[in-house]
Peer 1: 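What follows is a single structure, and I will ask about it in a moment.
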Amino acid sequence: MGRDTIAEIITSIRNADMDRKRVVRIASTHITENIVKLLLREGFFENVRKHRENNKNFFVLTLRHRRNKKRPLRNILKLKRISRPGLRIYYKSQRIPRILGGRGVVIISTSRGIMTDREARLEGIGGEILFYIW
């Protein structure tokens, strides 16, 4: 049985956000590197650095939390896995969904690599919808 690295990334980030942890450690692979770069560029992380321990590479992610004076810290990351190993979901560029009217991000695996929904629409290519984040 194979590992679903994308589901592991999503679960690690979601669990750290629910526990109000600022730092998450995830295994480094080619797919995770591309996803982490996209999420850093979109502003979901404050900082990302690569760490090596016992001949294994890890990404150390610093999550971004919003603090409101009247209320305690709140979870800001909502993640939803769409395509999974048992059921792949593909969309053409015109049919790619918009999350929260464009405020959320759809991560798509295309023939030109992993990209956001905005980039895929601009290039006019579709692909497999990996997950939503908002």
Peer 1: Let's go through Ile133 and Leu39 carefully: what are the C-alpha distance in whole Å and the side-chain angles of both, what is the deciding distance for side chain to side chain contact (heavy atoms under 4.5 Å, CB included) to 0.1 Å, and is it a yes or a no?
Peer 2: CA-CA 9 Å; Ile133 183 168; Leu39 295 178; 3.9 Å; yes

Peer 1: Among residues at least two apart in sequence or on other chains, which ones pass side-chain hydrogen bond (donor to acceptor under 3.5 Å, both in side chains) with Ser109?
Peer 2: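 Ser109 satisfies side-chain hydrogen bond (donor to acceptor under 3.5 Å, both in side chains) with no residue once adjacent residues are dropped.
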
Peer 1: Quick one: closest heavy-atom pair of Gly104 and Asp117, and the distance?
Peer 2: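 Smallest heavy-atom distance, with atoms named: O-OD2, 4.5 Å.
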
Peer 1: Keeping to residues at least two apart or across chains, list the salt bridge (Lys or Arg N to Asp or Glu O under 4.0 Å) pairs with something in residues 86-111.
Peer 2: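 Listed by first then second residue: Arg88-Glu128.
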
Peer 1: Please report the interatomic distance CG(Leu130) to CD1(Ile10), rounded to the nearest 0.5 Å.
Peer 2: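 The CG atom of Leu130 sits 8.0 Å away from the CD1 atom of Ile10.
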
Peer 1: Within a strict 4.5 Å, meaning less than it, do heavy atoms of the Val106 and Ile129 side chains meet?
Peer 2: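 SC-SC contact between Val106 and Ile129 confirmed.
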
Peer 1: Please say yes or no: joined through hydrophobic side-chain contacts below 4.5 Å, possibly via intermediate residues, are Ile107 and Ile125 part of one cluster?
Peer 2: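 Different clusters.
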
Peer 1: I want to check a possible cation-pi pair here: Arg81 against Phe131, using under 6.0 Å from ring centre and within 45° of the ring axis as the test.
Peer 2: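 Judged by the rule, Arg81 and Phe131 form no cation-pi pair.
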
Peer 1: Tell me whether Ile26 shares a hydrophobic cluster with Ile114, the cluster being built from Ile, Leu, Val, Met, Phe, Trp, Tyr side chains joined at under 4.5 Å.
Peer 2: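 Yes, Ile26 and Ile114 fall within the same hydrophobic cluster.
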
Peer 1: Hydrophobic clusters here meaning ILVMFWY residues chained together by side-chain heavy-atom distances under 4.5 Å, can you tell me if Met18 and Val23 are in one?
Peer 2: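 Not linked; separate clusters.
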
Peer 1: Please determine if Arg118 and Glu123 form a salt bridge, counting it only when a charged side-chain N lies under 4.0 Å from a carboxylate O.
Peer 2: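 Salt bridge: no.
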
Peer 1: Would you give the length of the straight line joining atom CG of Leu40 to atom CD of Glu46, rounded to the nearest 0.5 angstrom?
Peer 2: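 Nearest 0.5 Å value for the CG-CD distance: 10.5 Å.
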
Peer 1: So Arg121 and Ile96, do their side chains get closer than 4.5 Å, heavy atoms only?
Peer 2: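 Answer yes - side chains close enough.
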
Peer 1: Between Glu119 and Arg112 (salt bridge meaning N to carboxylate O under 4.0 Å), is one present in this structure?
Peer 2: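 Result for this pair is no, no salt bridge flagged.
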
Peer 1: How about Tyr132: does its OH atom have over 12 heavy atoms from other parts shown lying under 6.0 Å from it?
Peer 2: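 Yes, OH of Tyr132 has more than 12 neighbouring heavy atoms, counting only those of other groups under 6.0 Å.
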
Peer 1: In terms of heavy-atom contacts, does CD1 of Ile31 have more than 12 from other residues, nucleotides or ligands at under 6.0 Å?
Peer 2: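 For Ile31, atom CD1 is not crowded (no more than 12 foreign heavy atoms under 6.0 Å).
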
Peer 1: Please report the shortest heavy-atom distance between Val24 and Ala16, naming the atom on each side.
Peer 2: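 That would be CG2-CB, 3.2 Å.
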
Peer 1: Going by heavy atoms in the side chains, are Val105 and Trp134 under 4.5 Å from each other?
Peer 2: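 Of all side-chain heavy-atom pairs linking Trp134 with Val105, none is under 4.5 Å.
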
Peer 1: If we ignore hydrogens and angles and just use 3.5 Å, is the side chain of Arg14 paired with the main-chain N or O of Leu79 as donor and acceptor?
Peer 2: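 It does hold such a pair.
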
Peer 1: Run the side chain to side chain contact (heavy atoms under 4.5 Å, CB included) check on His51 and Asn57 step by step: do they pass?
Peer 2: CA-CA 6 Å; His51 181 69; Asn57 291 325; over 6 Å; no

Peer 1: CD1/Ile82 to CD1/Ile108 distance, rounded to the nearest 0.5 angstrom?
Peer 2: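 Taking CD1 in Ile82 and CD1 in Ile108, the distance rounds to 11.0 Å.
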
Peer 1: Is any side-chain heavy atom of Glu33 closer than 4.5 Å to a side-chain heavy atom of Phe59?
Peer 2: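 Glu33 vs Phe59: side chains touch.
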
Peer 1: Out of curiosity, Ile13 CD1 to Leu77 CG, how far, rounded to the nearest 0.5 Å?
Peer 2: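 The CD1 atom of Ile13 sits 7.0 Å away from the CG atom of Leu77.
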
Peer 1: With clusters built from Ile, Leu, Val, Met, Phe, Trp and Tyr whose side-chain heavy atoms come within less than 4.5 Å, directly or transitively, what are the remaining members of the cluster of Leu122, listed by chain and number?
Peer 2: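 Taking Ile, Leu, Val, Met, Phe, Trp and Tyr as members, Leu122 stands alone, with no cluster partners.
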
Peer 1: Looking at every heavy atom in both Ala27 and Thr32, which two are closest together, and how far apart are they?
Peer 2: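 Heavy atoms of Ala27 and Thr32 come nearest at O-OG1, 3.2 Å.
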
Peer 1: Can you check whether Leu63 reaches Arg22 side chain to side chain, under 4.5 Å on heavy atoms?
Peer 2: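 No - every pair of side-chain heavy atoms lies 4.5 Å or more apart.
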
Peer 1: Are side-chain heavy atoms of Ile35 and Lys37 found at a separation under 4.5 Å?
Peer 2: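 Counting from C-beta outward, Ile35 and Lys37 never come under 4.5 Å.
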
Peer 1: Would you call Leu61 and Val36 a side-chain contact if the rule is heavy atoms closer than 4.5 Å?
Peer 2: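 The answer is yes; the side chains approach within 4.5 Å.
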
Peer 1: So which atom in Ala120 and which in Ser93 form the shortest heavy-atom distance, rounded to 0.1 Å?
Peer 2: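 Taking every non-hydrogen atom into account, O-CB, 4.3 Å.
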
Peer 1: Determine, using the 4.5 Å side-chain heavy-atom cutoff (strictly less than), whether Ile9 and Met115 are members of one ILVMFWY cluster.
Peer 2: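 Different clusters.
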
Peer 1: Same cluster or not: Ile99 versus Ile89, using hydrophobic residues (I, L, V, M, F, W, Y) connected whenever any side-chain heavy atoms lie under 4.5 Å apart?
Peer 2: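 Same cluster.
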
